[in-house]
Amino acid sequence: MSNAPVKLKIDFVSDVSCPWCAIGLNALEMAAERVKGDVQIDLHFQPFELNADMVPEGEDVIEHLQRKYGAPAEQMRKNQQAITERGAGVGFTFNMDRRGRIYNTFDAHRLLHWLEEDSQAEQQRALKHALFKAYFTDGDNPSDHAVLLRLVRELGLDEARAKAILESDEYASEVREREAFYHQHGINSVPAVIVNDRHLIQGGQPVEVFEEALRKLAAQA
């Protein structure tokens, strides 16, 4: 009988500007560490845009969320505090005072798709984390090409290749196709964690929930 870990393919559907996606990713990775030896995850990042029609200069985050959800500013601030506390619990730092605006994230998704196409799984994961940190911790603009290229450079990725992608429409149709695929299959909020193309875990769940799900699905595989 083999003692090799059970491999689970995971598509992590998310957006760079989604705080619960940052929380969910860290929680999922912590759960993966807990089941290491029994379960091996094959992680792929898939695109989802919360603000696909966002203007280039972005919008004030509180005004945007008020208009989108209808809650008063004070409630929004309480929600942000709750998110900050959940993030701290999984080792992620939210500096909400630095995150003044919400931006379009399409070009960030194009760079992530490039790494997926090149089978650079660890590099894709590293860029995803860097994008979350740039936006939520450092308050950078994830639609700014200078910011994106700086992250690529800091990670030791091919900056010339990334620059060529950003200055063209490369991977635009592929990203839109993936976004459409998940919308058509009922994914309307993120994060959405899809295991082996058929099991859905929705939302930024606690570590324990992800751990239990991974163990259960591995036993069924």
Side-chain angles (χ1 to χ4, degrees), residues 7-32 35 39-54 65 68-69 83 86-87 90 92 94 102-136 142-143 148 151 165 171-207 209-214 216-218 220-221:
K7 190 172 184 178
L8 297 177
K9 173 178 175 280
I10 294 181
D11 289 296
F12 192 88
V13 187
S14 62
D15 196 4
V16 173
S17 63
C18 162
W20 289 105
C21 296
I23 291 169
L25 177 57
N26 276 32
L28 175 63
E29 289 178 334
M30 289 173 73
V35 302
V39 184
Q40 177 186 350
I41 68 169
D42 176 24
L43 189 58
H44 302 265
F45 294 98
Q46 304 293 352
F48 188 101
E49 287 180 88
L50 290 170
N51 306 289
D53 299 321
M54 181 60 65
L65 293 173
K68 190 170 185 178
Y69 298 110
I83 287 169
R86 278 292 304 276
V90 292
F92 187 87
F94 286 97
I102 287 183
Y103 300 96
N104 177 271
T105 54
F106 187 70
D107 284 343
H109 287 301
R110 289 201 294 135
L111 291 183
L112 289 164
H113 189 86
W114 155 49
L115 297 174
E116 173 81 11
E117 286 283 294
D118 276 12
S119 299
Q120 298 186 61
E122 283 306 309
Q123 291 85 348
Q124 188 194 41
R125 182 170 162 181
L127 180 59
K128 187 73 171 182
H129 277 288
L131 286 162
F132 280 140
K133 179 181 180 295
Y135 183 50
F136 289 111
S143 69
L148 295 174
L151 298 179
I165 293 167
Y171 299 126
S173 60
E174 289 88 344
V175 169
R176 290 194 178 98
E177 183 180 299
R178 297 309 293 163
E179 290 177 335
F181 173 84
Y182 289 107
H183 277 297
Q184 289 161 9
H185 285 77
I187 303 301
N188 297 308
S189 63
V190 286
V193 179
I194 302 168
V195 184
N196 288 348
D197 298 317
R198 61 182 183 273
H199 303 287
L200 173 65
I201 308 169
Q202 190 73 54
Q205 299 292 342
V207 178
V209 172
F210 280 126
E211 180 186 359
E212 182 182 359
L214 292 175
K216 186 179 294 185
L217 293 172
Q220 296 171 6

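Values below: every heavy atom of this structure, side chains too, minus hydrogens, waters and symmetry copies.
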Heavy-atom pair of closest approach, residues Leu148 and Pro142:
CD2-O, 3.4 Å

What pairs meet the side-chain hydrogen bond (donor to acceptor under 3.5 Å, both in side chains) rule with one or both residues in residues 197-206, with sequence neighbours excluded?
Lys9-Asp197, Ser189-Gln202

Indicate yes or no: at least one non-hydrogen side-chain atom of Tyr103 is less than 4.5 angstrom from one of Ser17.
no

Step by step, work out the side chain to side chain contact (heavy atoms under 4.5 Å, CB included) result for Val16 and Phe106.
CA-CA 9 Å; Val16 173; Phe106 187 70; over 6 Å; no

Reported CD-to-NE2 distance for the pair Glu116 and His44, which is rounded to 0.5 angstrom
5.5 Å

Let's go through Phe48 and His183 carefully: what are the C-alpha distance in whole Å and the side-chain angles of both, what is the deciding distance for ring pair (Phe, Tyr, Trp, His ring centres under 6.0 Å) to 0.1 Å, and is it a yes or a no?
CA-CA 9 Å; Phe48 188 101; His183 277 297; 5.0 Å; yes

Kindly indicate whether the side chain of Asp11, heavy atoms from C-beta on, has any atom under 4.5 Å from the side chain of Tyr182.
yes

From Phe45 CZ over to His129 NE2, what is the distance, rounded to the nearest 0.5 angstrom?
6.0 Å

Kindly determine whether His109 and Asp15 satisfy side chain to side chain contact (heavy atoms under 4.5 Å, CB included), including the steps that lead there.
CA-CA 8 Å; His109 287 301; Asp15 196 4; 3.0 Å; yes

Could you tell me whether the side chain of Thr105 reaches within less than 4.5 Å of the side chain of Leu50, counting heavy atoms only?
no

Does Glu212 have more than 12 heavy atoms from other residues, nucleotides or ligands lying within 6.0 Å of its CD?
no

So, Arg110 side chain and Val175 main chain: donor-acceptor pair closer than 3.5 Å or not?
no

Contacts of type salt bridge (Lys or Arg N to Asp or Glu O under 4.0 Å), residue Arg125, not counting sequence neighbours
Glu29, Glu122

Taking C-beta and beyond as the side chain, do Lys68 and Asn51 meet within less than 4.5 Å on heavy atoms?
yes

Kindly give the heavy-atom pair with the smallest separation between Leu28 and Phe210, and that separation in Å.
N-CD1, 3.7 Å

Report yes if the side chains of Gln220 and Val195 come closer than 4.5 Å at any heavy-atom pair, otherwise no.
no

Yes or no on side chain to side chain contact (heavy atoms under 4.5 Å, CB included) for Leu25 and Leu43, after CA distance, side-chain angles and deciding distance?
CA-CA 10 Å; Leu25 177 57; Leu43 189 58; 4.1 Å; yes

I'd like to check Leu214 versus Ile10 (side-chain heavy atoms, cut-off strictly below 4.5 Å). Are they in contact?
yes

Closest heavy-atom pair, Ala22 versus Phe94, reported as atoms and distance to 0.1 Å, is CB-CZ, 4.2 Å

Apply the test side chain to side chain contact (heavy atoms under 4.5 Å, CB included) to residues Ile187 and Leu200: give CA-CA distance (whole Å), side-chain angles for both, the deciding distance (0.1 Å), then the verdict.
CA-CA 10 Å; Ile187 303 301; Leu200 173 65; 4.0 Å; yes

Could you tell me which non-hydrogen atom of Glu211 sits nearest to which non-hydrogen atom of Ala31, and how far apart they are?
N-CB, 3.5 Å

Testing the basics here: between Pro191 and Gly204, what is the closest heavy-atom pair and its distance to 0.1 Å?
CG-N, 3.6 Å

Does Tyr171 have any ring pair (Phe, Tyr, Trp, His ring centres under 6.0 Å) partners at least two apart in sequence or in another chain, and if so, which?
His113

Minimal non-hydrogen separation, Ala27 against Pro206, with atom names
CB-C, 4.4 Å

Do Leu131 and Leu112 come within less than 4.5 Å of each other through their side chains, counting heavy atoms only?
yes

Do Val207 and Asn26 have side chains that approach each other closer than 4.5 Å (heavy atoms only, starting at C-beta)?
no

Between CD1 of Ile23 and CZ of Phe132, what distance do you get to the nearest 0.5 Å?
10.0 Å

